[in-house]
**Q** 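Please see the structure below; I have some questions.
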Amino acid sequence: MTEAAERLRAVLARRPLEAAPDLLGIVLRAGARAGRIVEVEAYEGQDDPASHAFGGPTDRTRVMFGPAGHLYVYRSYGIHWCANVVCHADGMAGAVLIRAVEPIEGVEAMWPDRPKAASVTDLASGPGKLCAALGIEGGHGGVDLLDPGSPVRLEAGLDADGPPVVAGPRVGITKAVDRRWRFAVDGNPHVSRPRPPGFGTAGRRR
DNA sequence: GACAAGATTGACT
DNA sequence: GTCAATCTTGTCC
């Protein structure tokens, strides 16, 4: 475990709502493919009706109750994979959904898995898209993202100060929709839904 | 064992 | 803008 990884683990071992904006700018790597995280959503655990962890641990969600920095992958609508970073202290449920990344490495290798992508900004501009682009699937669930030997891992970004962040309501859920727990890099073209109504108007900047 | 719902995407009108 | 695809998980009987 490197010093940078330890620092990142400490960042993640907080409430997802606090850790989520700090994930922006960090690089998500899967083998030779890598992308900078530009959009995330926070999901608290048992206090959040929209979270899969609401209602207690199950076989599927157990990893969310484990130590921070692990990967939680689930299938959405039977078709797409969605990747989450486990947050919060060990024993406390919480996760941050990665909604979009900006491809920065191994872009050529992403195209075969994203044949329908219209442009590079469309390669990973969505939860299901980024998993396809990076080759993340169910088998990766539970891996330690901070272990250099993992097939999928996080690498501290170069933006020491962190990019400008805007906040808005979460997307695609039917419960607790009023919580403005979606965070994105301001103005980045790789976010899944650029500037939706109300996005950023009452958000938190840092 | 059966059924309903879902943190999405892409095609079609 | 609207809608279907597709399948895993959790709940209920």
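Lettering of chains follows the sequences in order, A, B, ..., and the numbering in each one begins at 1. Excluded from the calculations below are hydrogen atoms, water molecules and symmetry mates; all remaining heavy atoms, backbone and side chain alike, are included.
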**Q** What's the spacing between A:Glu137 CD and A:His80 NE2 if we round to 0.5 Å?
**A** 14.5 Å
**Q** Do other residues, nucleotides or ligands put more than 12 heavy atoms under 6.0 Å from the CE atom of A:Met92?
**A** no
**Q** For A:Glu44 and A:Ser51, does a side-chain donor sit closer than 3.5 Å to a side-chain acceptor?
**A** no
**Q** Rounded to whole Å, please give me the gap between CD in A:Glu39 and C1' in B:dT8.
**A** 13 Å
**Q** Which pair of non-hydrogen atoms, one from A:Glu102 and one from A:Val38, has the smallest distance, and what is that distance?
**A** CB-CG1, 3.9 Å
**Q** Nearest-Å distance, CG (A:Asn84) to C1' (B:dT8)?
**A** 14 Å
**Q** So, taking the atom named CD1 in A:Ile98 and the one named CG in A:Leu71, what distance separates them when rounded to the nearest 0.5 Å?
**A** 7.0 Å
**Q** Rounded at 0.5 Å granularity, tell me how far CD in A:Glu18 sits from CG in A:Leu12.
**A** 12.0 Å
**Q** In whole angstrom, give the distance that lies between atom CG of A:Asp113 and atom P of B:dT9.
**A** 15 Å
**Q** Would you list the protein and nucleotides 1-4 of chain B atom pairs, both N or O, that sit under 3.5 Å from each other?
**A**
none

**Q** Just the rounded figure in Å: distance from P of B:dA5 to CD1 of A:Ile173.
**A** 18 Å
**Q** In residues 59-67 of chain A, which residues come under 4.0 Å of DNA chain C by heavy atom?
**A** A:Arg60
**Q** Quick one: A:Arg114 CZ to B:dG10 C1', roughly how many Å, whole number?
**A** 10 Å
**Q** For the pair A:Asp48 and A:Lys175, find out whether any cationic side-chain nitrogen is under 4.0 Å from an anionic carboxylate oxygen.
**A** no
**Q** Going by number, which of residues 75-82 of chain A have a non-hydrogen atom under 4.0 Å from DNA chain B?
**A** A:Ser76, A:Tyr77, A:Gly78, A:His80
**Q** Between A:Lys129 and A:Asp122, does any NZ, NE, NH1 or NH2 come within less than 4.0 Å of an OD or OE carboxylate oxygen?
**A** yes
**Q** Are A:Asp113 and A:Arg33 ion-paired here, with the side-chain N under 4.0 Å from a carboxylate O?
**A** yes
**Q** Answer yes when A:Arg14 and A:Asp22 have at least one side-chain N-carboxylate O distance shorter than 4.0 Å, and no when they do not.
**A** yes
**Q** Quick one: closest heavy-atom pair of A:Gly56 and A:Phe65, and the distance?
**A** C-CZ, 3.6 Å
**Q** Shortest non-hydrogen contact from A:Val101 to A:His190?
**A** O-CB, 3.9 Å
**Q** Working note: A:Arg99 + A:Glu41, criterion salt bridge (Lys or Arg N to Asp or Glu O under 4.0 Å); need CA distance, chi angles, decisive distance, verdict.
**A** CA-CA 7 Å; A:Arg99 288 195 57 87; A:Glu41 275 177 15; 3.3 Å; yes
**Q** Report all interatomic pairs (protein N or O, nucleotide N or O of nucleotides 11-13 of chain B) with separations under 3.5 Å.
**A**
unit_1 : atom_1 : unit_2   : atom_2 : d
B:dA11 : OP1    : A:Lys116 : NZ     : 3.3

**Q** OP1 or OP2 of B:dT8 sitting under 4.0 Å from any side-chain N/O of A:Ser192?
**A** no
**Q** So what does the secondary structure string of DNA chain B come out as, 5' to 3', with Watson-Crick or wobble pairs under 3.5 angstrom, [ ] for crossing and | for pairs with another strand?
**A** ||||||.|||||.
**Q** What are the two closest non-hydrogen atoms of A:Gly69 and A:Asp144, and how far apart are they?
**A** O-OD1, 3.4 Å
**Q** Given C:dT9, is OP1 or OP2 found less than 4.0 Å from the side-chain N or O atoms of A:His52?
**A** no
**Q** Does B:dA7 have A:Tyr43 stacked on its base, where the ring centres are within less than 5.5 Å and the planes differ by under 30°?
**A** yes
**Q** Looking at A:Tyr72, I'd like to know if the NZ or CZ of A:Arg62 sits under 6.0 Å from its six-membered ring centre while staying within 45 degrees of the ring's axis.
**A** no
**Q** Where do A:Pro49 and A:Ala176 come nearest, in terms of heavy atoms and distance?
**A** CD-CB, 4.1 Å
**Q** Counting only heavy atoms and a strict 4.0 angstrom limit, can you tell me which residues of residues 127-145 of chain A come near DNA chain B?
**A** A:Pro127, A:Gly128, A:Lys129
**Q** Figure out the CG/C1' separation between A:Leu23 and B:dA7, and round it to whole Å.
**A** 16 Å
**Q** At what distance, to the nearest 0.5 angstrom, does CZ of A:Arg7 lie from CG of A:Leu146?
**A** 12.0 Å
**Q** Of the non-hydrogen atoms in A:Val27 and A:Ala34, which two are nearest, and what is the gap between them?
**A** CG1-CB, 3.8 Å
